[in-house]
Amino acid sequence: MLKVYNTLTRNFDEFKTRENGKVYMYVCGVTPYDYPHIGHGRAAVVYDVIHRYLEYKGYEVFHISNFTDIDDKIIKRSNELGVYYKDLAEKYAAIYLENIDALNVKRLWKYPRATEEIDKIIEIVKSLEDKGYAYEISDGVYYEVRKFKEYGKLSHRSVEELRKGARIEVNPEKKDPLDFALWKKAKPGEPAWDSPWGKGRPGWHIECSAMSLKYLGNGFDIHGGGEDLIFPHHENEIAQSEAYTGEKPFVRYWLHNGMVVVNKEKMSKSLKNFFTMSELLKRYDGEVIRLYLITISYHKPLNFDMESLEQARKNYEYFNESKIKLNELANADKPGTEIEGGKIAAWKKSFEEAMDSDFNTANVLALLFEIFKFSNANIVSLSSGSAKKINALLKDIFSVLGFAKIGEKRETINLSFKEDLLKVIKNLKKNPELAEKLSKISLSEDAPEILKEIIDIRFEFRKQKRFDISDLMRDELKKIGVVLEDSKEGTKYKLVMTDEGK
RNA sequence: GGCGCCGUCGCCAAGAGGUAAGGCAAGGGUCUGCAAAACCCUCAUCGUCGGUUCGAGUCCGACCGGUGCCUCCA
């Protein structure tokens, strides 16, 4: 039985959907005005894992995430750069999508944009005004918080407390400092849409109510986002939506992911302590970053540091290497010990129990270590059939965690790999004993063939016990990320990431 | 000031009343010409002080330290 931590009830609630077999989920997306950082990546990955597990459980998942493509920051930025606001927003929306593609986040059902849902937004604001929940003043239409009796139920605050903490008001016409803008009247030079209140644009919170209600309907299952959105964003969404529909709940389960922090401070643009996904992806494979992001419970803060990322890289390599061995065994058609069915079943059970406990990916990772420890320790005795059985389970686990490349051999690392190899050859030619042999290699061949010839030459030296030469060759290759592994069967190579790149 | 969260081995991190998962690092082995990889072994009583309980990282209280939200933010 799946249990999820619900911010509204502050409890691990049993997950029951509105409709049988279907999950409707809305996750607050980004305001695309700059490069997305790893915190945005974490949110995307977290809800992607949740999405994937729900599908594993047999649900059909209707998952959407918005782009808030009109707001103060976008207007300010586009004015600074002298570009059209929509072009700016679409540029960064595209970068965001590219980045999370690299993290192997599934594309969602829909990515609605605020500016493309103006009709629905106006309809809701108008309705709230008609029902007496909203009022118009000189600079816009505001939601009257005191009219909504349950205001504060999500963030667990009282209106009185909030009022004490409220900042000095900009517009004295507001009835209450807590009232927030549903619709902002246009200032000169700002993008604007026609409305019953003249030219203007949506306030910050209304677009999420409009898009979620439009595409998912009232009372949908999951609403997610960063925990910094609990107040005021999600609190206001509830107030708007439940007042508008006249029904509750607007959302059945409120899920919130923890922030990424750096040196214990929240990663944010204003503190300038952020790492963009684009820069991290230059140094680390997207799946390594993904693994790093799911090593800790999704609702806890994640303290970002390179050392932990490096640890994730090692763990990823271990999974990868172990899976390759298992695949080789599975394809070998080799007789051997059969794994007890009970073992597989127990692993499957602990996988599901972990995920059922509010998506405990950390425990799933521990399980993966257990499985691979077993397969590695028994790789010589196990039958191919057993390997296939283990692989079947791993396929499910990896598909839920969102790893598509574990077990693939990396054939070439990047485009400059051949250049690197030629550099190695050049360096090795400084050794007179090697020069002649290496010059026989045809440099017009592809990188894998060249590499193979180098390894063959080294093999000859090893046979003659010329370990000085073979060690020299091994060291040179290691510098470009080629690690040689000698065994009785011959020399295998694998490609690993180096500091300079993948 | 209000509402929260967190403090578990050098580091990362599960566990949430029944006697401390996992990973990285470290040390010792097996294997290897040496490595690498893999495997085996070793490695914590849970911020402090009280309380509840047969039994507490796990519940309650106080305190110490850190941090989030209350303003835009995944």
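A, B, ... follow the sequence lines: proteins, then strands. Residue 1 opens every chain.
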Closest to the [X] side chain: [options]?
X      : options             : value
A/C28  : B/A74, B/G66, B/A14 : B/A74
A/D471 : B/G68, B/C70, B/G33 : B/G33
A/R458 : B/A14, B/G33, B/A38 : B/G33

message: Please list all pairs meeting ring-ring contact (aromatic ring centres under 6.0 Å, His included) that have one or both residues in residues 459-491 of chain A, counting only residues at least two apart or in different chains.
response: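 Checked against ring-ring contact (aromatic ring centres under 6.0 Å, His included) - neighbours excluded - no pair reaches residues 459-491 of chain A.
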Classify the nucleic acid contact of [X] as base, sugar-phosphate or nothing, counting any heavy atom under 4.0 Å across all strands shown.
X      : value
A/H37  : base
A/N376 : sugar-phosphate
A/K73  : sugar-phosphate
A/G258 : base
A/F467 : base
A/N360 : sugar-phosphate
A/R42  : nothing
A/I230 : nothing
A/E485 : base
A/K494 : sugar-phosphate

query: For B/A14, does OP1 or OP2 lie under 4.0 Å from any side-chain N or O of A/K300?
result: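 Yes, within the criterion.
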- request: Determine: side-chain N/O of A/S155 to OP1/OP2 of B/C69, distance under 4.0 Å, yes or no.
  value: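 No, because none of the side-chain N or O atoms of A/S155 sits under 4.0 Å from OP1 or OP2 of B/C69.
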query: Counting only heavy atoms not in A/N263, do more than 12 fall under 6.0 Å of its CG?
result: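 Result for CG/A/N263: open.
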- request: Assess the pair A/F372 and A/F319: is the distance between their ring centroids shorter than 6.0 Å?
  value: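 Close enough - the centres of the two rings lie under 6.0 Å apart.
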- request: Examine A/F67 together with A/Y96 and report whether their ring centres are nearer than 6.0 Å.
  value: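 Centroid separation for A/F67 and A/Y96: below 6.0 Å.
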- line: In B/S/- notation (B base, S sugar-phosphate only, - none; protein heavy atoms under 4.0 Å), nucleotides 24-32 of chain B written 5' to 3' is SS------S
task: Quickly work out the A/L365 CG to B/A21 P distance and round it to whole Å.
output: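 That distance rounds to 18 Å.
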field: Pair partner, B/A38 [Watson-Crick or wobble, under 3.5 Å]
entry: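 By the stated definition (distances under 3.5 Å), B/U30 pairs with B/A38.
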field: Heavy-atom donor-acceptor pair, A/E287 side chain to A/L103 backbone, under 3.5 Å
entry: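 Pair absent, no side-chain N/O of A/E287 close to backbone of A/L103.
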- prompt: Is a donor-acceptor pair below 3.5 Å formed from side chain A/R10 to base B/C5, judging by atom type as modelled?
  reply: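 Such a pair does not exist between side chain and base.
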